[in-house]
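The structure appears below as structure tokens.
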Protein chains: 2
Amino acid sequence: MERHTRQRQALIDALTHSGHALSPPEILARAQAAVPSLNLSTVYRQLKALHDARKIVRVDLPGQPARFEALCHEAQAAKRGHHHHYFHCSDCDRVYPIHACPGRMAHLAPPGFEVQRHDLTLHGRCAGCATGH
Amino acid sequence: MERHTRQRQALIDALTHSGHALSPPEILARAQAAVPSLNLSTVYRQLKALHDARKIVRVDLPGQPARFEALCHEAQAAKRGHHHHYFHCSDCDRVYPIHACPGRMAHLAPPGFEVQRHDLTLHGRCAGCATGH
DNA sequence: GTGGATGCAAACTCTTTGCACCTTG
DNA sequence: CAAGGTGCAAAGAGTTTGCATCCAC
């Protein structure tokens, strides 16, 4: 992450301008609008670099390929990925962040288990799909 | 799922006798104790058949390879996979079912979103690992 | 005996890596 | 011009599939 390249910028733009998390192939397709020669390997390498630099978040949902999301400026300034969860639309397959959390879940685990964190994924239909597209 | 074969039985035994969810390679290793010639392809085919027959549950955790769990007899009799969640131990990497649920989560989604179901994964240390192995 | 199940190898998806070439600073 | 980044192709995990052989019924 030392040099500024067109491919990195195209990638960041693609993530920033999308309202939802994108998969590596989706990122490739969108970023290729700006840099047609862009390669999937470069996408993966940049994603890793941006993730290590805490500029993007990896969104892993159960049984699904990884998606990535741009970190908002407030979160980047705070130097921490704000804790949040995701909504997966079973119609359009998009993933939306949810800025709410049901709270600590430690009481759900059996006695003796130390709960450190939790992941929550909601499934259903997003507002767009629910209203008949 | 029409014939009874040694490999299917070995696979079912491996899943039934384990206290936690197993990955396909783990299932292969355990079932090969009974049927040494057992092949990974057969494991995958049997897992698919058993899953379609509602005899096992697929456990997908975010960012992790699939695991499988035997359905308890009550659940099989009820013809439905009882709704539950999982605890993932970051020390021993085992996955334990949790027979508790925080309840409906519909209120966490933005207005207009229809929540149909949710997945919850707890992460931390299991009782065995927390007490110093 | 026959069709479903198995074993093996090849194919497929997703992701990572080696290496020569190109580009940024 | 030197180091880091890129593109391409090959290599890895995890999973699926085609096909000849095998074996449960």
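To find a chain, count down the sequence lines: A is the first, B the second, and so on, and within it residues start at 1. Atoms considered below: every heavy atom in the structure, side chains included; atoms not considered: hydrogens, waters and symmetry mates.
Salt-bridge annotation for A:Asp13 and A:Arg6: absent, with no side-chain N of the basic residue lying under 4.0 Å from a carboxylate O of the acidic one. Checked for salt-bridge contact, B:Arg54 and B:Asp52 miss the test: no charged N lies under 4.0 Å from a carboxylate O.
A:Pro24 has its side chain within reach of A:Phe68: a pair of non-hydrogen atoms, C-beta onward, lies under 4.5 Å apart. Side chains of A:His123 and B:His118 form no contact here, defined as non-hydrogen atoms less than 4.5 Å apart.
For the pair A:Asn39 and D:dT6, the criterion of a side-chain N or O lying under 4.0 Å from OP1 or OP2 is not met. For the OP1/OP2 pair of C:dG7 and a distance below 4.0 Å, the side-chain nitrogens and oxygens of B:Ser41 include no atom meeting the criterion. Phosphate proximity of C:dG7 to B:Gln7: present, with a side-chain N or O under 4.0 Å from OP1 or OP2. In this model, the phosphate group of C:dT16 is not approached by any side-chain N or O of A:Tyr44 to a distance below 4.0 Å at OP1 or OP2. Considering only side-chain N and O atoms, B:Gln64 lies nowhere under 4.0 angstrom from the phosphate OP1 or OP2 of D:dG14.
As a whole-Å value, the separation of B:Gln9 CD from D:dC23 P is 18 Å. Put simply, CG on B:Leu47 is 15 Å from P on C:dA5, counting in whole angstrom units. Atom P of nucleotide D:dG14 and atom CD1 of B:Ile27 are separated by 13 Å, given to the nearest angstrom. The interatomic distance linking A:Asp60 (CG) with D:dG14 (P) rounds to 15 Å, in whole Å. Straight-line distance from the CZ atom of B:Arg45 to the C1' atom of C:dG3: 15 Å, rounded to whole Å. For A:Gln46 and D:dG4, the CD to P distance is 14 Å, given to the nearest whole Å. In this structure, B:Leu38 atom CG and D:dC22 atom P are separated by 18 Å, rounded to whole Å.
Among residues two or more places apart in sequence or in another chain, the side-chain contact (heavy atoms from CB on, under 4.5 Å) test is passed with B:Glu2 by none.
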Pairs of donor and acceptor atoms involving the side chains of residues 35-42 of chain A, under 3.5 Å and at least two apart or interchain, shall be tabulated with distances.
from    : atom 1 : to      : atom 2 : distance (Å)
A:Asn39 : OD1    : A:Ser41 : N      : 2.8
A:Asn39 : OD1    : A:Ser41 : OG     : 3.0

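Counting only heavy atoms from C-beta on, B:Leu40 has its side chain closest to D:dT15 among D:dT6, C:dG7, D:dT15.
Residues A:Cys126 and A:Phe87 come closest through the heavy atom pair N-CE2, 3.8 Å.
Applying the 3.5 Å distance criterion, the base of D:dG4 shares no donor-acceptor pair with the side chain of A:Arg8.
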Strictly under 4.0 angstrom, non-hydrogen atoms only: write out the protein contact profile of nucleotides 20-25 of chain C, one letter per nucleotide from the 5' end, B, S or -. ---BBS
